[in-house]
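Structure first, then comments.
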Amino acid sequence: MAGISVEGRPAALSSTTPVSMHEPGFVVRQVLGYFPQQSALALGASPELLQAPGARLQLHSFSAANARQEMQMRAAALSAATAATGSSAAGGLLVSCLGRGEALYGERGVETGLLRGELGHDLPLAGFFAGGEVGPVGQRTFVHTYTCTAAILRATKSPTATSSPAS
């Protein structure tokens, strides 16, 4: 896989660098081929991404371990963001790529288990597998592949009801 930086994010991050859910990142696309005589890679990305000022290319490793680690990190960030607002997770929608799930992890329910582990084991989730997931990177929205997109519904605390004497 190859990542194309979006909105000036540094092209190289160490594996211990935390990634904010709201930071710009990389749009990850498949490497379709390599042409040694031209020393060129063919990527499944639109030319506008590759030709943007400051665009950087970085190779990415796609594996069950990496996917699990990132999902755990993102679920923890969602949990912290939810707690910071004084709300709780009321439910969610999870859309995963057909290339994930049991085919990637070798077991069922990994991603839902990670989300529920961070946001509550009784969290109601609905979802499906897809051949393209929609999600933000930086200030834009892209169609992604081999990803998992989660939308979490938050329950806010209702204000205390007050009554005034009738006149």
Side-chain angles (χ1 to χ4, degrees), residues 1-32 43-46 49 56-158:
M1 301 293 218
I4 299 121
S5 63
V6 176
E7 299 182 21
R9 181 188 177 114
L13 295 174
S14 74
S15 62
T16 59
T17 303
V19 177
S20 164
M21 291 176 45
H22 303 292
E23 283 183 37
F26 293 93
V27 174
V28 178
R29 296 293 186 246
Q30 288 181 300
V31 175
L32 302 175
L43 303 178
S46 68
L49 281 177
R56 296 180 187 190
L57 184 72
Q58 173 176 301
L59 296 179
H60 287 245
S61 173
F62 181 69
S63 69
N66 288 348
R68 187 185 299 258
Q69 180 182 13
E70 184 171 4
M71 185 68 181
Q72 178 66 51
M73 179 183 68
R74 301 285 180 158
L78 274 171
S79 179
T82 299
T85 64
S87 60
S88 61
L93 175 66
L94 188 65
V95 181
S96 289
C97 178
L98 291 166
R100 293 175 76 99
E102 193 171 359
L104 174 63
Y105 299 108
E107 59 184 291
R108 299 176 83 171
V110 169
E111 292 166 343
T112 55
L114 290 170
L115 271 177
R116 286 182 169 139
E118 290 292 336
L119 294 166
H121 289 286
D122 59 346
L123 179 70
L125 286 171
F128 54 91
F129 288 98
E133 304 76 48
V134 177
V137 177
Q139 300 299 312
R140 294 182 53 193
T141 300
F142 294 90
V143 175
H144 302 277
T145 58
Y146 296 101
T147 60
C148 175
T149 300
I152 302 300
L153 304 172
R154 295 180 183 167
T156 57
K157 295 179 182 173
S158 60

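When reading the values below, keep in mind they use all heavy atoms of this one structure, side chains included, and skip hydrogens, waters and symmetry mates.
- Taking 4.5 Å as the limit, some side-chain heavy atom of T112 sits within range of a side-chain heavy atom of L94.
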*Check step by step if side chain to side chain contact (heavy atoms under 4.5 Å, CB included) holds for L57 and I4.*
CA-CA 5 Å; L57 184 72; I4 299 121; 4.1 Å; yes
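- With hydrogens and angles disregarded, no donor-acceptor distance shorter than 3.5 Å links the side chain of T141 to the backbone of P136.
- Separation of atoms OG (S87) and CZ (R154) is listed at 5.0 Å; rounding is to 0.5 Å.
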*For E111 and R68, what are the C-alpha separation, side-chain angles and deciding distance, and is it a side chain to side chain contact (heavy atoms under 4.5 Å, CB included)?*
CA-CA 8 Å; E111 292 166 343; R68 187 185 299 258; over 6 Å; no
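- Within a 6.0 Å sphere centred on OH of Y105, heavy atoms belonging to other residues, nucleotides or ligands number more than 12.
- Proximity of L32 to L43: side-chain heavy atoms (C-beta onward) are nowhere separated by under 4.5 Å.
- The structure places CG of L78 at 11.0 Å from CE of M73, a figure rounded to the nearest 0.5 Å.
- Without hydrogens or angle criteria, H144 side chain to G135 main chain gives a donor-acceptor distance under 3.5 Å.
- Across every non-hydrogen atom of V28 and M1, the tightest pair is CG1-CB, 3.7 Å.
- Scanning both residues, C97 and T145, for their nearest heavy atoms gives SG-C, 4.5 Å.
- Across every non-hydrogen atom of Y146 and F62, the tightest pair is O-CE1, 3.6 Å.
- The two atoms that bring V143 and G132 nearest to each other are CG1-CA, 4.1 Å, heavy atoms only.
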*What do the steps show when you test S63 against N66 for side chain to side chain contact (heavy atoms under 4.5 Å, CB included), and what is the final call?*
CA-CA 5 Å; S63 69; N66 288 348; 3.4 Å; yes
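- Ion pairing of R100 with E70 is absent here, as no side-chain N (NZ or NE/NH1/NH2) approaches a carboxylate O to less than 4.0 Å.
- Taken to the nearest 0.5 Å, the CZ atom of R108 stands 6.0 Å off from the CD atom of E102.
- With hydrogens and angles ignored, the 3.5 Å screen pairs no side-chain donor or acceptor of S79 with any backbone N or O of L119.
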*Can you check side chain to side chain contact (heavy atoms under 4.5 Å, CB included) on V95 and C148, steps first, answer last?*
CA-CA 6 Å; V95 181; C148 175; over 6 Å; no
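- Across every non-hydrogen atom of M71 and L115, the tightest pair is CE-CG, 3.7 Å.
- E133 places no side-chain N or O within 3.5 Å of a backbone atom of T149 that could act as its donor or acceptor partner.
- A pairwise comparison of heavy atoms in L123 and A90 identifies CD1-C, 4.0 Å as the closest pair.
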